[in-house]
Amino acid sequence: MPFVPHTDQDCARMLETLGVACVDALFDEIPEALRVSEPLDVLPALDEMSLWRLMQERAEKDRIKLSFLGAGAYEHYIPAAVWDIVGRGEFMTAYTPYQAEASQGTLQVTYEFQTMMCRLTGMAVSNASLYDGASALAEAILMSVRANRKNKTGPVLVPENVHPFYRQTCETLVRAQGVVLETIPCDRRSGLISMDHLQRYEQHGDEKAPVPTAVVISQPNFFGGIENPDALTDWAHERGAIVIAVVNPISLALLKPPGEWGKAGADIVVGEGQALGMPLSSGGPYFGFMCSTKALMRQMPGRIIGRTVDQSGRHGFVLTLQAREQHIRRAKATSNICTNQGLAVTAATLYMSLLGSTGLRSVALRCHQRLKELLSFCQTTPGVTPFFTGAAVFHETVLRLPVSAEAVCARLSQSGILAGLPLQQLYPQIPGSEFGLLVCTTEKHTSEDLHRFGAALAQAISAQASDAQASDA
Amino acid sequence: MPFVPHTDQDCARMLETLGVACVDALFDEIPEALRVSEPLDVLPALDEMSLWRLMQERAEKDRIKLSFLGAGAYEHYIPAAVWDIVGRGEFMTAYTPYQAEASQGTLQVTYEFQTMMCRLTGMAVSNASLYDGASALAEAILMSVRANRKNKTGPVLVPENVHPFYRQTCETLVRAQGVVLETIPCDRRSGLISMDHLQRYEQHGDEKAPVPTAVVISQPNFFGGIENPDALTDWAHERGAIVIAVVNPISLALLKPPGEWGKAGADIVVGEGQALGMPLSSGGPYFGFMCSTKALMRQMPGRIIGRTVDQSGRHGFVLTLQAREQHIRRAKATSNICTNQGLAVTAATLYMSLLGSTGLRSVALRCHQRLKELLSFCQTTPGVTPFFTGAAVFHETVLRLPVSAEAVCARLSQSGILAGLPLQQLYPQIPGSEFGLLVCTTEKHTSEDLHRFGAALAQAISAQASDAQASDA
Amino acid sequence: MLIFDLDQQTKPVGALCATTVAGCDAEALADVPEAQRRQSDLGIPEVSELQVVRHFTMLSRKNFSIDTHFYPLGSCTMKYNPRIAHKVAMLPGFAERHPLAAMVNSQGFLETMYELQAIIQAVTGMSAVSLTPMAGAQGEFAGLRMIRAYHEARGDRERTEIVVPTTAHGTNPATAVMCGYRVVEVPVLADGDVDVDAMSAVIGPRTAGLMLTNPSTCGTFERRIQEIAARVHAVGGLLYYDGANLNAIMGKARPGDMGFDVIHVNLHKTFATPHGGGGPGSGPVGVAASLQPFLPGPIVVRDAATNEYRFSTAEELPQSIGRLSTFMGNAGVLLRAYAYARLLGGAGVRRVGEFATLNANYLMKKLADLGIELAYPTRRASHEFIVTFRKSAKRHGITAMDLAKRLLDYGIHAPTTYFPLLVPECWLIEPTETESLDTLDRFVEVMAQILREMEATPDLVKGAPHHLPVGRLDDVKAARDLDIALV
Amino acid sequence: MLIFDLDQQTKPVGALCATTVAGCDAEALADVPEAQRRQSDLGIPEVSELQVVRHFTMLSRKNFSIDTHFYPLGSCTMKYNPRIAHKVAMLPGFAERHPLAAMVNSQGFLETMYELQAIIQAVTGMSAVSLTPMAGAQGEFAGLRMIRAYHEARGDRERTEIVVPTTAHGTNPATAVMCGYRVVEVPVLADGDVDVDAMSAVIGPRTAGLMLTNPSTCGTFERRIQEIAARVHAVGGLLYYDGANLNAIMGKARPGDMGFDVIHVNLHKTFATPHGGGGPGSGPVGVAASLQPFLPGPIVVRDAATNEYRFSTAEELPQSIGRLSTFMGNAGVLLRAYAYARLLGGAGVRRVGEFATLNANYLMKKLADLGIELAYPTRRASHEFIVTFRKSAKRHGITAMDLAKRLLDYGIHAPTTYFPLLVPECWLIEPTETESLDTLDRFVEVMAQILREMEATPDLVKGAPHHLPVGRLDDVKAARDLDIALV
Ligand SMILES: Cc1ncc(COP(=O)(O)O)c(C=O)c1O
Ligand SMILES: Cc1ncc(COP(=O)(O)O)c(C=O)c1O
């Protein structure tokens, strides 16, 4: 079903106009050896009804009952109006707004989005999105190298407690340009970045380490911990380094915006936008956001929408500062990004508009509160304790279990419960990580959910403990 | 959450404008004794998120695995585009198109709907919908009485094989106006209307029965049987009676349209429109359709859309022939109907447009074919036979089971299978109805579904048989 | 462009055909008597999916709607329709529930309906509710049928009249006739209240009942409602409440307390279910205890023993007026109404009445300040109010209809025009509680502008609308040169 | 009107607040160091749900889109986006699947991705596929990174150059630079083909690879592709296929057969996933066997023993270029693409290429018949073609941009303008296979009309658009008086 509207008569008329006998004749410039004559080995066609049935069955298999898995993708409640409006054909089936006059809808939405992101982060400039949080961080790192006039060759310091997948993505995306990422270990007790480690970086052995070109700070960090970014920001700025903040946008309803960090504020702010109205959807489409100071604006990758006027003075919106982009600057562009995540940004704008400041703040508070409740439930199980101490957390934290976290997760997933992320999967280097479980709460969790989870966790732990004993014996 | 946008300042400003101290003052014309001072005892407010969770849980309880239940409501596949477009705010949140110039969308859709219904039924005129199939039949009966100038006092003959709930609804709706409905028994062997019974009606005992004002013919009938409406139509017309057809719109893709029945065709055609794009949804919203000959047009109830022109000659659409309706004619109107089923009609128009003649025909054929397959599966179970013989059927038929159909249905519903409708529930007067099971297939059933049903049915029958034996013993 | 203009006559390879057709052909019809097979063309256009989507998407944009425009259509309560309510009704478990599904497979739906019955009872102050009527008019029918059944059950067969005010909605008298009654009209006083003396003169042993909308279609509260109720009851008649205007008093006063015996509620108004460009609606009926035996079924009951929900049986309702629809009315609309009611809760319900009333009174005051004539200047507005342009009609030859069409040009839907019929050149204006002060102020500004246009450029107003997909349409031609289906 | 203009400063009682706020207050933040708490305003406007819905619904209507307009935007493949694909991706089991969900809770998703990998292999003729790149440009990045990894793995570290034709899309050179390469451009002949001699002169031991779009951005098939491949391979370089134009040859020819070593496919073009007003897209990469070890992960594999699906582990891909996204790219887009591919099947896939090509050639012929100049008059169109208005620009001072804007007035989206940069005053026109003959003919009619306007009323064209929500916007002012966020 190729959605081709032509009837046989249409084809005949068109071929006649073209003076060819059959459609194949139109492919005569393709060397014969390259022409495929048989239908390709694609799975057999399904009509819409059969496809729907098949996909319903598959999707049904993947439904889970309860989840405390976060680790960079968060299940928030999305008001019904968001996707009802985002799903309108006019938003969903438009292209990138090259023809401004025929794209005022998307353009204005994006301008509104940019404004909201600037306000949320406390920055002056926002772009129209990057692919996702991880790639946005990579772009921020490349941008910092371009922007740091004085020091282009220093390493970019990336704390160990930045999302490991972000760090891996950055490796892939920036290494080719010779940018060096230097991992700064985090404090083993609190999971936070410590000044100690930064100082140790500067003076390991006799040699002075190279002055960093940029420093990345994740707030909260991968373990949910709330950093003290003021000190870190000032430390970096004192060394002429660019400060790149990686933030969870929901947390910004409660936490100091990066634009206010330290004496001068962060220079670039990036993050994963998924929490603002995008379903989990196996990891995408999400969107990466990027904000910066005005000074760095011309180094920014991605599209930027500006407000202007038409011939009769009416306000209107256009793509602007395009001289940074690949379609104009080609090899000299700030990035190769072209198609980005427009629809996700539309969803985020709807989401934020529906919630307003009050709603966003209450969602964030509820997330925060739920985690505390969860902790109190879980800690009634003997042997369950916080993994890190000395750090306040936002809606996510690592529990220490008395048994293998991986084994507990495997048990619970059998009954449709996603308990969280076994820390060892991503932090084998942390002592005891085998027992660490990263758990997350959102405003969607009810007290009953927390109860059920506490009970299921306790059960899984004791089952695992006795199995382990049995196999030891 | 009353969706009230006012802030406290707004309220203050408005009250000041009105010169009152509080909102309650605006209710001062209501006698004090009648004013409610406490919040009413409505269930506690839920936020959207909690409501969604609650309703998901409730809806989940009601999901079934497999259904062969029809009996007037049919589960056809609805292409995704139907409700995506119907759900657009512009269709869904508009009122009845009183202001024609601001309602051309709804008006044109309805004009297109009317055209499609005229073509499907072979009639000249269609209205814009009535509530549902049953109430449409009642309206048709009242209309036939108004329209039959020569004989307003005869009974309206309604065969026993017209949907029992339609007949009950008609009783409720027409009795108050003194219209008499006379039930004509159907043939016990075939389930069809037989000429015998009509003749018996005319000459029971010595007295001649009153000449009918109208005769209702259901095609297919409630048992899925295909009538011979030509003979019936001519019989009725010979007696000056109005012929009212009750049809399943999907069946019209295969069966002779009522406009071609007998020598002159049916006079009024009504039916349940649900099959054309409406989900089962516990029985509604569906829509009743009504078509008629041009001669009867001015007796038609409900809205009718007409095409006209504006001042500059452009085509446009308006409500027309309003002099039949309650808002103009009040006590003399053809019906009291006002709000009807506009959105359902929009869905039906989308549904038919997406399928086209070819698609509609193939859906109908598939429904038909599936039933034959089902019959062959079921009849491999000993004791399962067709209940009626001698009638061709369309996508629905009555099986005779060797045990109580009610008991079998109860068993299967425990495992989420709706086997069909136990005949006895609605036709206790038919001998052996205890064993009758009305089953229905649609294009949604796969061969595998039929297999599974055949197996489940066989199992339930044997379980029931042995239980019955046990309790006999 | 009509969808028929896109007809390609033969089907492009469409979504549903690919395999559905496969294996199906005329042979499959061999068992159907040849005389009963369709020979004639179906005539449904063959159009590609893209063209269908584009055609109807573009058509939709020719509508005004709540989602796009302020829609102060009096008597229609065009308030915001929460999106979540639609989503709830479309949940697979609800959307795919067969109306005759077994009770064990229906507890989610039934519990919801049971609770909705209770909510409507609480809001209206009635003893029992049936959810089946499919719109206001069918609710009226159910109500009058119950009144009739009540009198008949008491052997009281002389009551052949239903009394309605002259301002009543058209469905009121039309329904009375459908129920076999004669309609007796009573006048309304200059202040909008029913003329109680005139009413007293016509009621008596032939009076089956009186139908009232309260607040009335004049946009004012019937102040002497208790006296009216007492008088009607005194002569043995019953009181019917047309719930179209319930929004005005929701949470603030209840028809049950006013002496009404039977009522209906328009869920597609007061309970925010979308009106769909002409339906579906839903018009549940509520009754006082005396009328409970006559309610139309099915009704949802809870089995005290098992805590399970089920439909009432015919045996349980031997005196019922009977069935009003094939199944249980517009069930999907009921689900949406339930969702709305749950979002509101008791306090929210109350705020609806308050803010609907506040908005209407504010708007009335502001329009009066512009010099627009109020039909009932001495009265409070309920959730709506009437203005009349009879003076401008006389002076400029500009009618209420002209002004309504001009309003459309400014992107505001016209109020209800020429209803009630009693007030010449009138608009019935109902802003609803979900519109903001800004929106009301903009309406006032636009009206000020239009009033200026009436003086300065009257033809601009008379020739309106100018900025819509079509200009003023010719209704007379539509009725004369009937074109109601493409041939 | 901006959403900020609707800001009420204090929240109306909104959907999410009612109970979410309850019980939450600043105390709950006691554990957060005071210095880290937010003091400044969030600044997100407080607007009622109705106002939000109305604002964004009205905004949406200011867009052209496939669902509303013919959108022949060259290089973008604006074909019909089947509604069912979106519905599939939004199924709760898919939409709510966490990217790190356990494999036992993910078999439905994984099986689907596994099959999609195979479908893309079959369509492109490549040996293996990774689905993770999030758009065409990221696919390009992944491809060039793999080329680099390939050479490095062989110890071949001298290859520092990527060759691209002058007509290449901007992402090609930009990507090369992101991968640490120097860009070498080769010219294109007057017939649209790459100048093979010039290419031969620049390729050599420093050549890491050549990037080609085929059919090229000139809308013509690169006829000497086999020779090009042979020559590049002969000097040790690899061939990269930019799949933006795959629609032209889908089912009719495969890049894998042409000698390409690595490719990407734009699912948001060829596989009909909605473009969303600027994304999300998806740009899976396919490779020849030699490059397979370098694919970015995660990749879905099937365990032969258990028949279970799972993600590849890092250990299984030791030479992988690494991760490109936090999780697995734009998974929801992949689901939509899968749905589309399944609706097509093998025969459908083939028809896409055929009808895309038929439509383009037909339209090219008809426009040429109107006297519009073709950029490559001796060539077949692929799925798109270029016309140039350089003469009219000279004669009337009417540019390709003016004409594009005028086209908007007729409700047709403008073709891609000024791309490729090589052809002056050009339009790149791509009708796609899902548009009907009627639509193409209407486009031709409109063009005839505009050509007449160029002669008769040139200012009408130069001042276009006239019928859109805004007139021609001032780009220069936008860049000069920057207003990129409301302050
Ligand atoms: C006062 C009044 N009564 C009755 C009705 C009829 O209600 P429905 O259209 O739901 O049948 C209306 C609807 O417009 C009304 O305004
Ligand atoms: C020829 C060509 N190459 C590459 C791209 C970039 O693809 P994307 O926008 O998906 O990153 C495009 C998109 O416009 C294109 O047309």
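Each chain gets a letter, A, B and so on, in the order its sequence line appears, and its residues count up from 1. Below, each value reflects all heavy atoms present in this structure, side chains not excepted, and no hydrogens, waters or symmetry copies.
- Looking only at atom types and distance, the side chain of B:Gln56 has no donor-acceptor partner in the side chain of B:Glu60 under 3.5 Å away.
- In this structure, chain B has no heavy atom under 4.5 Å from any part of C:Ala89.
- Within the 4.5 angstrom heavy-atom criterion, atoms from both the backbone and the side chain of C:Gln138 approach chain B.
- Heavy atoms of C:His69 lying under 4.5 Å from chain B are absent altogether.
- For C:Arg148, the part lying under 4.5 angstrom from a heavy atom of chain B is the side chain only.
- With a 4.5 Å cut-off on non-hydrogen atoms, C:Met134 touches chain B through its backbone and its side chain both.
- Heavy atoms closer than 4.5 Å to chain B are found in both the backbone and the side chain of C:Leu344.
- For a residue to count as touching a neighbouring chain, one of its non-hydrogen atoms must lie under 4.5 Å from one of that chain's; by this rule C:Val470 touches chain B with backbone and side chain alike.
- Proximity to chain B is absent for every atom of C:Lys79, based on heavy atoms less than 4.5 angstrom apart.
- Contact annotation for C:Arg145: only side-chain heavy atoms (C-beta onward) come within less than 4.5 Å of a heavy atom of chain B.
- Heavy-atom distances place the side chain of C:Val349, and not its backbone, under 4.5 Å from chain B.
- In summary, of the residues considered (C:Glu433, C:Arg351, C:Arg350), a side-chain contact (heavy atoms from CB on, under 4.5 Å) with B:Pro2 occurs for C:Arg351 alone.
- With a 4.5 angstrom heavy-atom cutoff, C:Asn81 touches chain B only via side-chain atoms.
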